[in-house]
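A quick note: this is a predicted structure, and the numbers were derived from the prediction, not measured. Numbers restart at 1 for each chain; the letters A, B, ... are given by sequence-line order, proteins then strands.
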There are 2 protein chains.
Amino acid sequence: MPSDLGHALLGLLARRPSTGYELARRMQRPVGFFWTAGHSQVYPELARLEDDGLVEHDEVPGRGPLPTKRYRPTAAGLDALRTWVVADLAPQPVRDLEVLRLWSLWVVEPEAAAGLVERVRAGHAERLAAYEADLASLAGDPAALEPDSPAFASRLTLEGGRLTRRAALEWCDLMLAELRRPR
Amino acid sequence: MPSDLGHALLGLLARRPSTGYELARRMQRPVGFFWTAGHSQVYPELARLEDDGLVEHDEVPGRGPLPTKRYRPTAAGLDALRTWVVADLAPQPVRDLEVLRLWSLWVVEPEAAAGLVERVRAGHAERLAAYEADLASLAGDPAALEPDSPAFASRLTLEGGRLTRRAALEWCDLMLAELRRPR
DNA sequence: GCCTCATATGTCGACTGTGACATATCGGGC
DNA sequence: GCCCGATATGTCACAGTCGACATATGAGGC
């Protein structure tokens, strides 16, 4: 039973075989849009997946001090991924530091509060731009319309990011209007 | 320097003095909408905050085996909260298990994928209902319009939840339409 | 009278996640 | 010729989180 991180790695490898180093980079982007991991998590997790027979590797020429290993999922690994994707999932607790701060917005002056909201808004705008850039690069790809293609799933998750970030921007504008309403 | 959890507790106590037990409940709802903690986290964190002089307590009659302590923030605690609210914050990494699964949606049959999306949609709908219930209970409160009132910050965060969950529902409907489009 | 639930505080071990440390090579710019 | 950054794999210590364990009382239902 791999962890969530293990399934994230299986999801990456199902799209394309990779070395641990490449996986760590792919965990920053595009997967980092909704799940992140550093290389110090990736390497031990790959070893566990291999122990469980869910991935296998061969060695390729590389530039590191240790042998460079290229991993790919086994048939059992793909099965585990398919099972996990549609398995029951508990209601997900939200963990959002920005909203936690906004919840205590009333303790500071409206002026300072508006400054905070501006910064939060900028973060959402930046993310929205990243989503739209990635969506644009998928726009011409006919595979993005086929439900059994990775590009299809990529497009849908990016659409989700776009919709939620747009809503977040709308929310920030609402807050700014209220904080700056003359009183 | 308290942790994020410590600031969350200060934010709760700034609204209303509470016992550790009450704080643990309040961390499930309403704060649990965007940050959760169990009582096993709350008690040690309260002790740390008291060591740092940010909260203080008196003992009140109670039904537990140990003395029941009611905590309130000190002046230093309120200062720490105000400072933290508007402090610089690093871009927040997203960590969303549902989206991580959806990103591997392409490995399963569209039928099964649609089932997953239906369940995700139901979770969003449930949360949206909770936000709207809490918003309704604030609707008649004139304090919810005053930026220096806790009710004001509560209302804004709930509005944010409403907007983002509505966007999530819209997204789920989009995915369902694509997965069930005849081919 | 008894059982159960809510009140109430706390500890402990397991797991996860983060950043720093360690090591070594190849390619490109100065 | 030299330094730097990217490639490449791994370990370790620390902090945060979560569920289980431990304990004890008062209130209400049966």
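DNA chain D is contacted by no residue of residues 79-87 of chain B, taking any non-hydrogen atom closer than 4.0 Å. Using a 4.0 Å cut-off on heavy atoms, the residues of residues 39-50 of chain A that approach DNA chain C are A:Ser40, A:Gln41, listed by number. For the contact set between residues 13-33 of chain B and DNA chain C, defined by any heavy atom under 4.0 Å, the members are B:Thr19, B:Gly20, B:Tyr21, B:Arg25.
One finds a salt bridge joining B:Glu45 and B:Arg48 here, because a Lys/Arg side-chain nitrogen approaches an Asp/Glu carboxylate oxygen to under 4.0 Å. Salt-bridge annotation for A:Arg155 and B:Glu178: present, with a side-chain N of the basic residue lying under 4.0 Å from a carboxylate O of the acidic one. Under 4.0 Å is where a charged nitrogen must lie from a carboxylate oxygen, and between B:Glu98 and B:Arg101 no such pair does. A salt bridge links B:Arg166 with B:Glu132: the distance from a Lys NZ or Arg NE/NH1/NH2 to an Asp or Glu carboxylate oxygen falls below 4.0 Å. With salt bridges taken as basic N to acidic carboxylate O contacts below 4.0 Å, one links B:Arg29 and B:Asp134.
Other residues, nucleotides and ligands place no more than 12 heavy atoms under 6.0 Å from the CZ atom of B:Arg16. Shown here is A:Glu118, whose CD atom has more than 12 heavy atoms of other residues, nucleotides or ligands within 6.0 Å. Counting heavy atoms of neighbouring residues, nucleotides and ligands inside a 6.0 Å radius, atom CD of B:Glu59 exceeds 12 of them. Heavy atoms of other residues, nucleotides or ligands lying less than 6.0 angstrom from CD of B:Glu146 number more than 12.
Checked by atom type and distance alone, the side chain of B:Thr74 pairs as donor or acceptor with a backbone atom of B:Gly53 at under 3.5 Å.
For the pair A:Leu10/A:Trp84, no side-chain contact is recorded, criterion being any heavy-atom separation below 4.5 Å from C-beta on. You'll find the side chain of A:Ser154 reaches within 4.5 Å of the side chain of A:Arg15, heavy atoms only. Side-chain contact between B:Thr19 and B:Arg70 is present, with heavy atoms from C-beta onward closer than 4.5 Å.
Remark: C1' of C:dT18 and CH2 of A:Trp35 are 15 Å apart, rounded to the nearest angstrom. A:Leu66 has its CG atom 16 Å from the C1' atom of C:dC26, to the nearest Å. C:dG17 atom P lies 18 Å from atom CG of B:Leu5, rounded to whole Å.
Ring-plane geometry between B:Tyr71 and B:His57 is classed as tilted, the angle between the planes lying from 30 to 60 degrees on a 0 to 90 degree scale.
Mapping B:Arg70 and B:Pro93 onto DNA chain C by nearest heavy atom places B:Arg70 closer to the 5' end of the strand.
Over its full length, the helix from C:dG1-D:dC30 to C:dC30-D:dG1 turns its helical axis through 20°, comparing axes from the five pairs at each end and rounding to 10°.
In 5' to 3' order, the nucleotides of DNA chain D bounding all contacts with chain B (an atom under 4.0 Å from a heavy atom) are D:dG16 to D:dG26.
Hydrophobic clustering, defined by side-chain heavy atoms of Ile, Leu, Val, Met, Phe, Trp and Tyr closer than 4.5 Å, leaves B:Val60 isolated from every other such residue.
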